[in-house]
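Below you'll find the structure, written out as C-alpha cells, and then a few comments.
As the structure is a prediction and not an experimental result, all values here were calculated from the model.
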2 protein chains.
Amino acid sequence: MPQVTPLRQQRTNCSDCRLATLCLPENLDDVAVNDLDGIIKRPRPLDRGAPLFHSGGDFRAIYAIRTGAVKTSRLLPNGDEFVSGFYLPGEVIGLDAINYNNHPTTAVALETTSVCEVPFSDLEKLSLNRPALQRHMMRIMSRELATEQTLNQVLVHRSAEQRLAVVLVSLSDRFGNRGLSPKRFRLPMSRHELGNYLGLAPETMSRIFRRLEKQELVCTDGRDITLLNQTELRLLAHGESEVPLRSGRA
Amino acid sequence: MPQVTPLRQQRTNCSDCRLATLCLPENLDDVAVNDLDGIIKRPRPLDRGAPLFHSGGDFRAIYAIRTGAVKTSRLLPNGDEFVSGFYLPGEVIGLDAINYNNHPTTAVALETTSVCEVPFSDLEKLSLNRPALQRHMMRIMSRELATEQTLNQVLVHRSAEQRLAVVLVSLSDRFGNRGLSPKRFRLPMSRHELGNYLGLAPETMSRIFRRLEKQELVCTDGRDITLLNQTELRLLAHGESEVPLRSGRA
DNA sequence: GCCCCTACTTGACGATCATCAAGTCGCTTA
DNA sequence: TAAGCGACTTGATGATCGTCAAGTAGGGGC
C-alpha cells in the first residue's frame, strides 16, 4: 500500500514510512513496529561523498536507506578501489559486518542521503521474542545472498553488453518498486563507478552504452537513462537474446 | 579442541562431532546442543552425483556437510550450467533459499557425502529462546555474504591466473582448518567444474595450471594438488605480487 | 587384459575488452 | 563570461582468454 506522501518529507517513525513494506516484515504487529521504532536513530542527512561507515570500522548498526543512494567499496593496500554494491531507498546495508564485528566495506553517500540507523545489539534483543522480526532478518540476508550469487554468475559468465543490461534492468526494477519510473531514471553513480562494479574499464562502459543506443534499447543523456525497449533489454540481460553468452558452452 | 576420532566414523550427535567448532556457535550450552541435536536428521550418505536438493524445489531444511563435498549450481533454460559454489565438511548450504522458500540452486554430491539435515522451521523455533543460536545463524549468513562479495571482486577484477590462485588458497585454508594438509590435497571437482565456477574455459584452466607449475608454485597430478610455494601463491591470489591486476587502475 | 568413454591437454586463431592517447563536453568557480 | 577541471568520449593497438580442432591419458566395465 504505497502512500502519497512525497519522498523527501522527513519520516519520524516507521508506521508512516512509505518504504515500510520494503524494510519491515509483513506480519509485524503495531506494538512491535513501535518497539522497533524506539531503537532506530535517524541521523541528519549525509552530504554527497560523506561516509556512512569505514572499512575496518567497528560494527554497531545496520542501516536502511531512506532517501538518496549509497555505494559500498573495498580499498586495497595499493590504493585500488573495488566497488561492491549500490543501494537505494528501502535497502539495508551493513549485514556483511555481523560476523567479524567490523565492516569489510566502506559506505559512501552518492548524493544527499538520509538513513535509518538500527543498532544491532538492540535489534538482536528485540528480535529474540519476535518471530516475525527474527525471520525477517534472516530473509533479508538470505535474499542478499541469493542476489550476490546471481550477480557473481552474471559478471563471470556474461559479456560487457550483458553485464550493463543486467544492472540497467536491476535499477529499473528497483526504481519501479519504489514508485518511480522504471523507464526513465538518473544513475546515482558515475560511469567509472559503474564500470568498476561490473569489472569494466570506463572506456568500455562508454562504448557499450553507445552500442545499446545503436540497438535502440536505451537512450542516454549523461546520467539520465531512458529504456526504449525493456523487453529486448531483459532478454539481453537474461542471456536469452540472440547474442551468445560469453562462455556459453562452459 | 579437535578430537582424534577419524572422519569417516559415523557421527550420531553434535556433542561428539569434531566439526562442531565449525558449525555450532561457541557459547551454546549443553542443553541447547542436545535440543539442536534432537531436530537434526542424518540421512544415509549420498553417492557421487546424487542431488541433495533441486533448483526450484521447496525449502525445508539447511544442510551441514559432515563428510565429502558438494557443488551448487544454477541451470539456465537453454541448458547451460553455472556452478555457484563448492562446499566442504563443516560448511552449511541452503541459506540462500530462506527468503523465497525455494532453492535457487541445485546441490549435488561430488563424492560420497554425508550431511546433517536441519529442518528450518524447527531451527527457527529453537532459536527463538536461544540468543546464541540466533546470533550464530546471523553470523553464518553474514560470513557467507562477505565471502560472496569478496569472491565477486576477485572474479571480476583479476586475471585467470589470479582467480585460480584464489581458489587454491581458499581450498588450502579450508582443508587446513579441517585438520587436513593445507599443502597437499585432492580437488573434489573437475577442471570443467572449477573453470565454470571461475568463469574460465576448461582449456584455459589447463593452461593456467601449467603456468603455475612452470612458476613452481604448485605441482599437479590430475586432481591431486601440491602447493610448492604458499607464500608466493598467496601474494598472487591477493593481487600483491609483481603481476599486475586485470584492471588495476579501475 | 582390452575397449571405450570421458577428462584433460595442446595448438592455432580470433573476439573481446584493457590500455594508451587525445580529444570534447559540461559543470563549477571566479 | 571565461577559465579550469573532471567526467565522459573516441580511436588505435595489443593482451588475454574463448573457441575450434585434434589429439592423449586414465578409469570403469566387460
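Computed from coordinates, the B:His157 NE2 to C:dC17 C1' distance equals 14 Å when rounded to whole Å. A:Met205 places its CE atom 10 Å from the P atom of C:dA18, with the value rounded to the nearest Å. Taking atom CZ on A:Arg210 and atom P on D:dC8, their separation rounds to 14 Å, with Å as the unit. As a whole-Å value, the separation of A:Gln162 CD from C:dT16 C1' is 12 Å. When rounded to the nearest whole Å, the span between CZ of B:Arg191 and P of C:dT10 equals 11 Å. Whole-Å rounding puts the B:Ile208 CD1 to D:dA15 P distance at 16 Å. One interatomic measurement links the two molecules: CG of B:Leu187 to P of C:dA7, which rounds to 15 Å at whole-angstrom precision. Regarding B:Met189, its CE atom lies at a distance of 15 Å from the C1' atom of C:dA7, rounded to whole Å.
Not one side-chain nitrogen or oxygen of B:Thr204 sits closer than 4.0 Å to the OP1 or OP2 atom of D:dC17. Between D:dC17 and B:Arg207, no contact under 4.0 Å exists linking OP1 or OP2 to a side-chain N or O.
Salt bridge status for A:Glu91 with A:Arg178: present, with a side-chain N to carboxylate O gap under 4.0 Å. Between B:Arg42 and B:Glu117 no salt bridge is recorded (no basic side-chain N to carboxylate O distance below 4.0 Å). Ion pairing between a basic and an acidic side chain is recognised when a charged N comes within 4.0 Å of a carboxylate O; A:Glu111 and A:Arg186 show no such pairing.
When distances are taken from the side chain of A:Ala160 to each of C:dC17, C:dA7, D:dT10, the shortest belongs to C:dC17. Here C:dT9 is the nucleotide among C:dC17, D:dC8, C:dT9 with the atom lying nearest to any side-chain atom of B:Ser206. In this structure, of D:dC17, D:dT19, C:dC8, it is D:dT19 that holds the atom nearest to the side chain of B:Ala201.
If you run side-chain hydrogen bond (donor to acceptor under 3.5 Å, both in side chains) between A:Asn152 and each of B:Glu148, B:Gln149, B:Gln153, only B:Glu148 comes through. If you run side-chain contact (heavy atoms from CB on, under 4.5 Å) between B:Arg234 and each of B:Val166, B:Leu217, B:Leu168, B:Val169, only B:Val169 comes through.
Each of A:Asp221 and A:Glu203 has a nearest nucleotide on DNA chain C; the 5'-most of these lies closest to A:Glu203.
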